[in-house]
Amino acid sequence: MTSPQLEDEDDPQVDDPQVVRDRAVSLVEYLLAVRALIEKPARTVPTTDAFWQADLPRHAACELGPTRPGGSWLRVGRPAAPEPPAITTPLIPYLIWDLSRANPPKLPDEPQPPESVRSEFTQWYEGAWLPWADEVAAAEATRRLHDRLYDLRYRLDIDAARVELIWGHAVLNLPADDGPMRYPLLGTPVAIEYDPETTTVRVVPQGPPRLQPDALSGVDDRRVADLLDLGGPSGQVDVDPWDADERRDFAVRALRRLGLDPVIGDTARTGVQDTSVLFVRPRQRMVRRFLEDMRDRLTPQTIGSLAGVLAHEPSRLSMPDDETEVWQRIDDRLLMPMPTNDAQESIARRLAVHRTVAVQGPPGTGKTHTIRNLICHLVAHGKRVLVLAQKEDPLRVLRDGLPEEIQPLCLAILGRSADQLAQLQIAARELADRAATLDREAESAAIDRLRQDIAQAEAELSSTGDELRAVAERESATYDLAGTAATASEVGEWLRRH
């Protein structure tokens with residue numbers, strides 16, 4: 001890891017763009033090293049909340065794969081248990097059975113039934129009871145799966161910021177120094193949906209399949225890099241995980257890039273096990289891949305906001321991509337629709353001339369309110385604003401508190417469920433429709449009228465301030481009254497009495 005560069009603050013090269021770029025690279029490498037120490041990779045599928053394809057019940061109410069319109073990969077109902085099989089007449093006097101699957105029926109030992117009854121029992125047991133018991137077992141397993149997925153749906157909603165539901169395909173089995181590796185090469189984010197009318201639980205994909213390289217941490221980095229070349233910038237792959245030929249072809253290519261023999265089978269111990277698994281895992285942030293890409297792309301022209309953190313004096317730093325003249329135009333007038341104070345107005349003015357402005361304070365001091373006012377101010381001046389947070393709740397609170405006229409201009413990426421993505425699509429479509437139907441001349445005229453109204457209000461405010469100051473000055477003036485200094489009110493009181 002490159003050691004950070006330390007320079008004398010009097011050195012004129014301290015805030016040189018290249019120096020700032022070198023600091024940014026050192027920072028990214030430091031973050032990669034910290035992540036490697038505190039985040040050990042998961043090499044096996046978790047044992048809890050994992051549903052392997054081979055363990056799914058064989059029942060008509062449990063449908064696996066994208067076999068129906070709507071895109072779901074698993075549909076699970078809650079079937080009722082089948083009626084017990086009818087008992088043939090010759091068996092009625094002899095049969096010992098409590099009508100449950102747990103206790104198989106039998107004939108009494110004493111007195112021993114006739115041979116014809118024993119033959120009749122064997123035929124009934126194998127032809128009626130065993131198939132019924134298998135159907136009952138499949139129905140019970142399907143109901144248990146339904147209930148587990150139903151409960152898991154709510155647990156995922158509560159803990160959505162920390163965990164995610166993944167459907168993995170092409171499970172890689174490899175020996176490793178710290179234990180065997182058993183983890184899918186492909187993972188697709190999915191969500192659980194529920195239809196109360198049909199009592200059906202559905203597992204629906206929420207995006208394309210992606211490579212899962214984190215389990216390969218510690219393997220030859222060159223081999224892993226060759227594997228990552230199979231996917232796009234975010235690890236996406238153009239593979240239908242339910243198409244056997246595409247899935248196996250991808251597995252062969254992946255194994256070869258890892259320097260392994262292309263062994264694929266249903267029970268492959270070293271190679272790829274051609275199966276799938278639905279499981280819950282800690283939410284993957286693709287931090288390592290993001291940081292590595294960031295490090296490779298850092299140049300003096302692409303440092304961006306990092307320069308405000310890494311420069312000794314951000315306000316004096318001049319970067320190649322700066323457009324100072326354009327940015328400073330937002331200082332012409334503060335446009336904040338909600339109540340403000342001097343501190344908020346000071347922040348807005350400093351944003352016009354400083355690369356970075358840090359605002360901190362304990363809860364309840366108005367940081368969120370300040371951000372809302374700044375968003376409105378910047379948007380009113382034609383700027384685009386990106387707001388980030390570690391969790392979804394602060395972003396949701398921030399958006400819901402914006403003025404109603406501003407909220408439709410927000411594209412809020414909150415969560416990855418189907419409903420939340422649908423809301424994002426609706427917002428994007430509304431923005432596109434507004435832009436397509438915008439009457440620029442009419443809106444420009446409306447803006448001019450608003451500017452005139454603001455200018456007139458500011459002039460009236462200034463005039464009223466002058467009048468108030470004049471009144472205050474008159475109130476503070478003193479007059480000679482019988483050789484003493486008296487205020488206007490005291491003179492008035494003296495005149496009233498005399």
Side-chain angles (χ1 to χ4, degrees), residues 45-155 165 167 190 192-204 242 244 265-267 273-280:
V45 174
T47 56
T48 58
D49 290 330
F51 308 84
W52 289 90
Q53 180 176 330
D55 298 333
L56 296 178
R58 306 293 191 269
H59 193 279
C62 179
E63 301 179 59
L64 178 65
T67 58
R68 287 191 183 185
S72 60
W73 286 2
L74 179 64
R75 295 156 298 281
V76 183
R78 208 167 186 277
E83 292 293 330
I87 303 174
T88 57
T89 302
L91 296 179
I92 293 177
Y94 301 97
L95 193 65
I96 301 174
W97 185 34
D98 61 1
L99 301 181
S100 73
R101 180 183 69 88
N103 297 312
K106 61 181 180 178
L107 296 177
D109 296 331
E110 295 293 338
Q112 191 174 40
E115 178 64 27
S116 60
V117 173
R118 293 199 299 272
S119 176
E120 179 76 16
F121 172 78
T122 301
Q123 294 180 6
W124 176 83
Y125 181 85
E126 295 177 351
W129 190 87
L130 283 179
W132 171 83
D134 291 341
E135 290 182 16
V136 172
E140 291 176 351
T142 303
R143 289 168 67 90
R144 286 195 299 271
L145 175 62
H146 176 281
D147 294 345
R148 287 182 64 190
L149 292 174
Y150 181 86
D151 294 339
L152 181 59
R153 169 173 169 257
Y154 284 96
R155 286 194 284 122
L165 187 63
W167 200 309
V190 294
I192 300 175
E193 299 178 354
Y194 178 66
D195 184 354
E197 296 295 331
T198 62
T199 64
T200 301
V201 174
R202 301 167 62 241
V203 179
V204 182
W242 294 100
D266 295 337
T267 59
Q273 183 181 357
D274 192 22
T275 187
S276 68
V277 57
L278 175 69
F279 64 101
V280 178

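Hydrogens, waters and symmetry mates are skipped; everything else that's a heavy atom, side chains included, is used. Keep in mind the model is a prediction, meaning the values are calculated, not measured.
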S.K.: Any heavy-atom pair between the side chains of P114 and Y94 that's under 4.5 Å?
M.R.: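 Result yes, sub-4.5 Å side-chain heavy-atom pair found.
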S.K.: Testing the basics here: between P84 and W132, what is the closest heavy-atom pair and its distance to 0.1 Å?
M.R.: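 That would be CA-NE1, 3.3 Å.
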S.K.: Could you go through I192 and Y154, starting from their C-alpha distance and side-chain angles, then the distance that decides it, and tell me whether this counts as side-chain contact (heavy atoms from CB on, under 4.5 Å)?
M.R.: CA-CA 9 Å; I192 300 175; Y154 284 96; over 6 Å; no
S.K.: Quick one: do W167 and S276 satisfy side-chain hydrogen bond (donor to acceptor under 3.5 Å, both in side chains)? Show the steps, please.
M.R.: CA-CA 7 Å; W167 200 309; S276 68; 3.2 Å; yes
S.K.: Nearest heavy-atom pair of P66 and W73: which atoms, and what distance?
M.R.: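 Heavy atoms only, the tightest pair is CB-CD1, 4.0 Å.
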S.K.: Taking atom OG1 of T48 and atom CZ of F279, what is their separation to the nearest 0.5 Å?
M.R.: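 Reported value, rounded in 0.5 Å steps: 11.5 Å.
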S.K.: Working to the nearest 0.5 angstrom, can you tell me the gap between D49 CG and R148 CZ?
M.R.: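 Interatomic distance, D49 CG to R148 CZ, rounded to 0.5 Å: 6.5 Å.
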S.K.: Taking R153's backbone N and O only, do any of them form a donor-acceptor pair with R155's side chain (distance below 3.5 Å, no angle check)?
M.R.: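 Flag not set: sc R155 to bb R153 has no pair under 3.5 Å.
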S.K.: For R58 versus L56, what's the shortest heavy-atom pair and its separation?
M.R.: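 Of all heavy-atom pairs spanning R58 and L56, the closest is NH1-O, 2.7 Å.
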S.K.: List the steps and the verdict of side-chain contact (heavy atoms from CB on, under 4.5 Å) for K106 and Y125.
M.R.: CA-CA 9 Å; K106 61 181 180 178; Y125 181 85; over 6 Å; no
S.K.: Tell me if a side-chain donor or acceptor on R101 pairs with a main-chain N or O of L130 at a distance below 3.5 Å.
M.R.: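 No, because the side chain of R101 does not come within donor-acceptor range (under 3.5 Å) of the backbone of L130.
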S.K.: Which heavy atom of A50 sits nearest to which heavy atom of P46, and what is that distance?
M.R.: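 Closest approach of A50 to P46: CB-O, 3.2 Å.
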S.K.: Return the minimal non-hydrogen interatomic distance between P57 and A138, and the atom names on each side.
M.R.: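 Where P57 meets A138 most closely, the heavy atoms are CB-O, 4.0 Å.
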S.K.: May I ask you to decide if P113's main-chain N or O and R118's side chain share a donor-acceptor pair within less than 3.5 Å?
M.R.: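 Here the side-chain-to-backbone pair exists.
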S.K.: Treating W97 as the side-chain partner and S100 as the backbone partner, does any N or O pair qualify as donor plus acceptor under 3.5 Å?
M.R.: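 Yes, W97 side chain to S100 backbone: donor-acceptor pair under 3.5 Å.
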S.K.: Can you check side-chain contact (heavy atoms from CB on, under 4.5 Å) on Y150 and R78, steps first, answer last?
M.R.: CA-CA 11 Å; Y150 181 86; R78 208 167 186 277; over 6 Å; no
S.K.: For P85 and A128, which heavy atoms make the closest approach, and how far apart are they?
M.R.: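 Heavy atoms of P85 and A128 come nearest at CB-CB, 4.0 Å.
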S.K.: Judged by atom type as modelled, is there a donor-acceptor pair below 3.5 Å linking the side chain of S119 to the main-chain atoms of E115?
M.R.: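 Flag not set: sc S119 to bb E115 has no pair under 3.5 Å.
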S.K.: Would you say D98 has more than 12 foreign heavy atoms packed within less than 6.0 Å of its CG?
M.R.: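 Above 12, so yes.
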S.K.: Mind checking the CG-CG spacing from L152 to D147? Nearest 0.5 Å is all I need.
M.R.: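 Result: 12.5 Å between the selected atoms.
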S.K.: Find the distance between CG (D274) and CD (Q53) and round it off to the nearest 0.5 Å.
M.R.: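 Between D274 CG and Q53 CD, I get 8.5 Å after rounding to 0.5 Å.
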S.K.: Rounded to the nearest 0.5 Å, what separates atom CD in E135 from atom CD in E83?
M.R.: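 One gets 11.5 Å once the value is rounded to the nearest 0.5 Å.
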S.K.: Just by modelled atom types, is the F121 backbone N or O under 3.5 Å from a matching donor or acceptor in the W129 side chain?
M.R.: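 No; judged by distance alone, with no hydrogens or angles, the pair does not exist.
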S.K.: Would you call L149 and L278 a side-chain contact if the rule is heavy atoms closer than 4.5 Å?
M.R.: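 With C-beta onward as the side chain, the pair touches.
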S.K.: Would you sort out whether E126 and T122 count as a side-chain contact (heavy atoms from CB on, under 4.5 Å), showing the intermediate values?
M.R.: CA-CA 6 Å; E126 295 177 351; T122 301; 3.9 Å; yes
S.K.: Report the distance from atom CD of Q273 to atom CH2 of W52, rounding to the nearest 0.5 Å.
M.R.: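 It is 6.0 Å, given to the nearest 0.5 Å.
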S.K.: Are any side-chain N or O atoms of H59 and backbone N or O atoms of G77, one a donor and one an acceptor, separated by less than 3.5 Å?
M.R.: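 Side chain of H59 to backbone of G77, a donor-acceptor pair under 3.5 Å: no, none is there.
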